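Right, one structure below, let's go through it.
Keep in mind that the numbers below use all heavy atoms, side chains included, and drop hydrogens, waters and symmetry copies. Keep in mind that what you see is a predicted model, and the values were worked out from it rather than measured. So you know, we letter chains A, B, ... as the sequences are listed, proteins then strands, and number each from 1.
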Amino acid sequence: MFHLISNLLHKGTFSHGIHPDENKHFTENIPIRRLPFAPELVLPLSQHFGAPSDLIVHPGQEVVRGEPIAKAKGFMSVPLHAPATGRIKRVELMPTAKGPKTPSIILEVYPGDSQEVGYYYERDIDEMSQQEIIQAVQDTGLVGLGGAAFPTHVKLSPPKEHTVHTVLINGCECEPFLTTDHRVMLERTEDLITGTKILMKALGAEKAIIGTEKNKMNAVEAIQKHLPEDGSIEVRAVQTKYPQGAEKMLVKALMGLEIPSGGFPSAVGCGVFNVASTAELGELLPKSQGVIERVVTITGPGIEKRGNYMVPIGTPIRFILDQLGFSGSANCLIMGGPMMGSSVSSLDVPITKGSGGLLVLTESILEGQHDQKSYPCISCAQCLDACPMHLNPSQLGKLANKHRYDEMQSDFHLMDCFECGCCSYVCPSGIPLVQYFRVAKSSLREKAARERANAS
Amino acid sequence: MSTASQSVVLHTSPHLRHVPAVDEIMRNVVYALIPISAFAVYQFGISVLALLVTCVVTCLATEHAICRLSGRSSSVNDWSVTITGILLALTLPPGFPLWMAAVASIAGVGIGKMFFGGLGYNVMNPALVGRAFAQAAFTAPITTWTPVMADNRFTEFIPSTLTIPFLRPVPINDWLASVAPDGFTGATPLALMKFEQISTDSVQLAIGSTAGSAGETSALLILICGLYLVYRKMMDWKIAFAVLFVAALTSGLFYLIDSTQYPGPIFMLCSGGLMLGAVFMATDMVASPVTPLGIWIYGGMIGFLTIIIRLFGGLNEGVMYAILLANACSPLINSVTQPRKYGYVKKGAK
């Protein structure tokens, strides 16, 4: 009984959040298929959080599929591997989903090649030390495939004063439309378990919980069949709610703990990893290979052959649209999900390691969504009931309107906002709250950077 | 079709939004007020219909005129001022002179809403500001009550309704004697209770077959209309619940102390404007707090103050002043009840 109550109180989910239409039925039952190679792949040197990779090839050089083409620049960086056999055509500035153009390698794919991965040697995880595993993880070039693209090996090296006892594998995929993680859990279950074991070993954790949402019960069943018998890994379904897949929300839902403001999950003894990253790790690390492709949900009303595709990193969106077919007004392209994904400004933008979804929306869906009239805040408090961080978006919005950014930070905890967009989603007045907060946050960050520069 | 020539549309996330928008919420509040208005017209006849039309039209005109004067585009099509008009009419006595109702409407919308900057910026509920103005300016007409179900209510106006502007209301004693020969005292159940210690049957109060302001009479109907809005998720049930709960609690407490002097909680909940105030006016989004704890404090404050004013104040009805006072406190309540953020431990606890 007590267990039941405590479950109801905090273990089932986090408080607040929203329930947008899931729209996962378009693709959730479609098995992962392979997309052909584009004639040219675009590989930005910065596809991850941290320092851009260091180029180690030169134009004209021939590379084999899986060969490292850029190395990590320091600890907070990862290497890059050739997603296809071909020739380095040039290195130049190319557009990315984030906005600014970044240096990218253009790889011309050899059309007649068998495209076998040339780099391969087996390793026994059990014989490797923690430090060796962390180094090996960095060598795979793995980053958080859920969208943040934070280097995985950095998460495996928590601050010394923190001990990680539980590894949480995040399979919530709370963004509407996306089914990447769902398919990975169903089809790559063994890799997922292997990856979980590697992560546990690297962190010295005794326990792991794979967390997913209740709308993916078939994934729970699939995973249960592969769980090790010692009970060290567990799978649990939590309430279907956005943003359940946010790190902080998942820790709250599975452990009943709150990550301190500004802190890492390791502060409460947890390490959180995306389910697709974990499966990728389970597949790549024992073979010492690097990340060269990823599963992407390509969906939305504007695309004809919706589905979950194994896409080589660097495939331009233009190629995907041409391959899968699109309907006339497919002119709003979103990299990621509809809640936190970013609008793509050019069809030359490539799929990178962090792209879990490509959403093609049409004008008809967006009509009345963005051109909606904006009213003053009527203090309806819906944003307070939606904010998973329990902030006061209504007040923050009013302050943002007056450019009182310092007050937003000092009195209303602006910096705890992780921009999930729940406030803008629910606002009946159509106030672009999270958009205001992004501006405020970047303005504050710039100011802090200026002050640091002046002080030194 | 080639992709080469395609132009792309850029938006910032979130790319999806949840409707309804403000105008849809406000429109639904108007829908919820229609049955109450219809019932009021059924009970009191064409005088109330005229009152409703006068208030709504004057409110709309006031907002439109002030918007134009201040060089802004008119905001009347967000429906919020329509609500103000209906609510104001419903809080007035059925035979209230129309010119006075128009003045109250101008005061409510003008001073209570537009002077603060319009929708979203008003401190207090505009309808209640209008009524408070009328209470202060027109003391006699606002406490002149007429009986329900008068025989000729659909063919004749209550004489005072058609008072010529800026003149005293036409006396209605002769008319009263003709429609209620068995002696209508001209007092509401609350006044009867307070000044003459006569209590009214609770069932009558709930159905609404008692004298009172136009829309304040049927507690049950108001509750049902409120439930529609709660069902549509367009009203915060917590505020209405807190008001009614604390009002019941406070009056229950006094009832237990001395049941001969103080009326019971059911009587208190169903009489006067408490139900209309709790469901449709205390829940005014703009003038109520936004924080989860603040909402309860605010609602409780209204419930408590209403009963205290009713029992110990000079007036027999206290809902209006209770709500206006609580409205004025909302910003303060908001600032002292900021929610605990995720990832912050309370001081002292660890």
To the nearest 0.5 Å, how far apart are CE in A:Met335 and OG in B:Ser13?
14.0 Å

Check this for me: B:Phe245, atom CZ, are more than 12 non-hydrogen atoms of other residues, nucleotides or ligands nearer than 6.0 Å?
no

Return the option, out of A:Val344, A:Asp411, A:Val426, A:Ile18, with the maximum number of heavy-atom pairs under 4.5 Å with chain B.
A:Val344

Minimum-distance pair of heavy atoms, taken over all atoms of B:Val22 and A:Tyr375
CB-CD1, 3.6 Å

Contact part of A:Val268 toward chain B, heavy-atom cut-off under 4.5 Å: side chain, backbone, both or neither?
neither

Selection from A:Ser345, A:Gly263, A:Ser394, A:Pro176 maximising heavy-atom pairs under 4.5 Å formed with chain B
A:Ser345

Crowded around B:Phe304 CZ? As in, over 12 foreign heavy atoms under 6.0 Å?
no

In short, A:Gly421 meets B:Pro14 closest at the heavy-atom pair O-CG, 3.5 Å

If you count heavy-atom pairs under 4.5 Å between each of A:Lys248, A:Glu419, A:His16, A:Gln382 and chain B, which one has the most?
A:Lys248

Contact class of A:Pro432 relative to chain B, heavy atoms under 4.5 angstrom:
neither

Taking side chain as everything from C-beta outward and backbone as N, CA, C, O, which of these in A:Asp385 sits under 4.5 Å from a heavy atom of chain B? Side chain, backbone, both or neither.
side chain

Taking atom types as modelled and ignoring hydrogens, do the side chains of B:Asn334 and A:Gln395 form a donor-acceptor contact shorter than 3.5 angstrom?
no

Need one label for A:Ser424: side chain, backbone, both or neither, based on atoms under 4.5 Å from any heavy atom in chain B.
both

Quick one: what part of A:Cys377 sits under 4.5 Å from any heavy atom of chain B, side chain, backbone, both or neither?
backbone

Which distance, rounded to the nearest 0.5 Å, do you find between the CZ of B:Arg17 and the SG of A:Cys427?
7.0 Å

I need the minimum non-hydrogen distance between A:His390 and B:Pro339, along with the two atoms involved.
O-CG, 3.5 Å

A:Glu258 vs B:Lys341, salt bridge (Lys or Arg N to Asp or Glu O under 4.0 Å): CA-CA, chis, key distance, verdict
CA-CA 10 Å; A:Glu258 290 187 7; B:Lys341 315 289 185 281; over 6 Å; no

Aromatic ring proximity, centroids under 6.0 angstrom, A:His413 and B:Tyr344:
yes

For the CZ atom on A:Phe264, are there more than 12 heavy atoms of other groups (residues, nucleotides or ligands in this structure) within a distance under 6.0 Å?
no

Nearest-0.5 Å distance, CG of residue B:Leu16 to CG of residue A:Leu359
7.5 Å

Interatomic distance, B:Asp284 atom CG to A:Ile378 atom CD1 [nearest 0.5 angstrom]
9.0 Å

Could you please state which residues from residues 108-130 of chain B sit under 4.5 angstrom from chain A, measuring non-hydrogen atom to non-hydrogen atom, sorted by number, or 'none'?
B:Leu119, B:Gly120, B:Tyr121

Which answer fits A:Leu391, side chain, backbone, both or neither, if we ask what part of it has an atom under 4.5 Å from a heavy atom of chain B?
both

Please give me the minimum heavy-atom distance between A:Ser379 and B:Val286, naming the atom from each residue.
OG-O, 3.8 Å

Has the side chain of B:His15 got a donor or acceptor atom that lies under 3.5 Å from a matching backbone atom of A:Met339?
no

Any side-chain heavy atom of A:Leu384 sitting closer than 4.5 Å to one from B:Pro292?
yes

Can you tell me which portion of A:Pro338 sits under 4.5 Å from chain B's heavy atoms? Options are side chain, backbone, both or neither.
both

Looking at A:Ser342, A:Pro376, A:Pro20, which one has more heavy-atom pairs under 4.5 Å with chain B than the rest?
A:Pro376

